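To start, the structure under review is shown below, and the notes come after it.
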Amino acid sequence: MLSIKNLHATVDGKTILRGIDLEVGAGEVHAIMGPNGSGKSTLANVLAGRPGYEVTEGSVRYQGEDLLVLAPEERARKGIFLAFQYPVEIPGVSNIYLLKAALNAARVARGESELDAMDFLALVKQRLALVEMKEEFLYRAVNEGFSGGEKKRNELLQMAIIEPTLAIMDETDSGLDIDALKVVANGVNGLRDPKRSFVMVTHYQRLLDYIVPDHVHVLVAGRIAKSGDKSLALELEKEGYGRITEAANG
Amino acid sequence: MNGTQRLYLDAYESTAGRQPAWLDALRSDAVERFRKAGFPTLRDEDWKYTNTSPIEKAGFAPAGAPGAGVRSRDLDEQAFRGLDALRATLVDGFFVSELAALDELPEGVRVCSLATALVEHAELLRAHLGPLPEGSHGYRALNAAFASDGVFVQVDDGVQLERPLHLMIAASGPGSGQTHQPRNLVLLGAGARATLIEHFVSLADEAYLLNLHTDVHMAEGSRLEHYRLQQHNLKAFHIDGLDVRLAADAVYTGHAVDLGGRLVRHELKASLDAPGAEAHLNGLYLTSGRQHVDHFTHVDHNAPGAVSREFYKGILDGRSRAVFHGRIVVHPDAQKTDSAQENKNLLLSRDAEVDTKPQLEIYADDVKCSHGATVGQIDMDSLFYLRSRGIDEKMARDLLTWAFANDVLARIGLRPIRDALERILGAALLHGHASTEVEPGQ
């Protein structure tokens, strides 16, 4: 599904990614862990096509296609979804409008027809239940005045409605208390599917207690220093990033 | 003295001596003022960012009568869908009775031409059309020198005018002279309530100058909801002064929306003369091409415990330019003043320019005053967020631009006006999507 080879990227002229290799198969859940500043969020943003994140070397292929030549909206329509670390507040635009526009953009790109108002509302209501959100959130401006947890749930709601093929989650657990974390994890688990892959960027192992990954990668200084299964996360929890960081630097 | 000044002075001579003596005296003082002051220049501090020399160069002759041939149905096209309103119409600055719909005025409300009021309510007008304030600029002086017609509105104590008054201020096209100089007077008695919609429209694609002055006097506890929708053609020049005087507990709410015009200058002076008075001033200007819109606002807190709010937003494209000057003066005994001013601008093009200047003069110590001004581009994080959800870049930009403007529209209480503006903005920015699809809270 996703094949990253020797990916180098800079932000504001500063090199952050220094040769990432990563293969994500259909239906797999990959956790990207690592200390602050290791390039985890940069990787997530590069995949989503954020302006200002410049790829200087390497390639990214998604479903056999060169991902890096596509605009962010084209990537989204082809099934890539970035759950933001800091979801943006957009006063003046209602949540339900954004949900509908996003879903219909994806449907049209897939060759499906736009959903009519009735079917759309039925779908939204069902997905609201999945992320335990109240209906009133639909009619508020996008993320405006939402608490940290509500914003993250709203990301999940968008994901549940758009039904992406590749979901990239950037520190979705940051700033969540344990109850909110469980809601978000349940939501993600409910969306797991043999055809849908997840790349979860996280600093802490905590999230992985609730969303069990197939693969864990540790990013250090812009490279994957170590890969393993879920037990690697537990190891990191016990020993911290120190040893891997030293090994990578040494 | 330049040719255009000469043009106005000659035109004045031909109209002098036709009004009641007291008014002729005021007019004669005003023309003297004009003779001395001339037209404002960029050297005048208050006109630093607005160059009116294109108006002088154009040399528009003063209109002597309303242009003929304007029909009711020309104006019906400009009416607001779903608005049940009274109508008064000025054509080229003159009140045209045939284009008014004022048959059902309730008891205690008078709406007529200023010319009629000068005859029928001479004493009242004499009391309210005072001499020019010290230091008035040339355009204000010119308006006073030519003052002979306009609209007069009076609502008696305790009377509520339920239906809004839709005042069309229309330019008919060439033929009758192209400087239109109406003088409007609005008097609200104690506890009176009214809604006034001033609507500036062009019925032809010709250049002209509208040089308007309006006085609003609000007695104790009165309320005025005042809409000013400016839809001149893109060749038109507009200079207006609006003086609002508020007695105790009077509440003025103004919404100024500028969509048209080549060069537009609004001067608004709100005098909060007694405790409990409130002035809420909202504005939205959308400019493109070489349009220029200048808001010069001056709020005087003359008494303790009054409230003022200013909320102006602008969206500028092309090589257009906007000016916002927000002067707030809190006089020494105006303790417990509560004042806030905000001016936000969104630049859609590199060549657009905004000059925003808050000016607070505070001579009392126990007051709450805030002000803020921003000039910026579309927020890149918001843009990426929308694009990452599959919305293409142009639509995402337009959505964010719409959202920026919608903040002001949301303050408009009169639904048909808000709907009309949403249609205009929606057509321009939302590619056929209904604004109701987009806004929160629907």
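Chain A is the first sequence line, chain B the second, and so forth, proteins listed ahead of strands; every chain is numbered from 1. Just so you know, these numbers come straight off a predicted model, no measurement behind them.
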Measuring heavy-atom distances to chain A, does Asp407(B) have an atom under 4.5 Å in its side chain, in its backbone, in both, or in neither? neither

So, the part of Leu400(B) with a heavy atom under 4.5 Å from chain A: the answer is side chain

Near-ring test Phe198(A)/His30(A), centroid separation under 6.0 angstrom: no

Measure [X] against the heavy atoms of chain B and call it side chain, backbone, both or neither at under 4.5 Å.
X	value
Ile90(A)	side chain
Ala106(A)	neither
Arg75(A)	neither
Pro164(A)	neither
Glu89(A)	backbone

Does one side chain, of [X] or [Y], offer a donor that lies under 3.5 Å from an acceptor on the other?
X	Y	answer
Ser197(A)	Glu28(A)	no
Ser370(B)	Gln341(B)	no
Gln231(B)	His199(B)	yes
Tyr312(B)	Asn345(B)	no
His226(B)	Glu198(B)	yes
His238(B)	His232(B)	yes

Note: Lys5(A)-Glu57(A) ion pair, threshold 4.0 Å (strictly below): no

Counting a contact as any heavy-atom pair under 4.5 Å apart, which residues of residues 62-74 of chain A contact chain B? Ala71(A), Pro72(A), Glu73(A)

In terms of heavy-atom pairs under 4.5 Å, which option from Leu399(B), Leu409(B), Leu386(B), Leu383(B) contacts chain A the most? Leu399(B)

Which is it for Gln291(B) and Arg262(B) under the side chain to side chain donor-acceptor pair (under 3.5 Å) test, yes or no, and what are the steps along the way? CA-CA 5 Å; Gln291(B) 283 179 282; Arg262(B) 171 174 165 193; over 6 Å; no

Could you list the donor-acceptor pairs under 3.5 angstrom formed between side-chain atoms of residues 119-138 of chain A and any protein atom two or more places apart in sequence or on another chain?
unit_1: Arg127(A); atom_1: NE; unit_2: Ala160(A); atom_2: O; d: 2.7
unit_1: Arg127(A); atom_1: NH2; unit_2: Glu163(A); atom_2: OE2; d: 2.8

Just so I understand: if I count every heavy-atom pair under 4.5 Å between each of Val93(A), Asn104(A), Ile80(A) and chain B, which residue has the most? Val93(A)

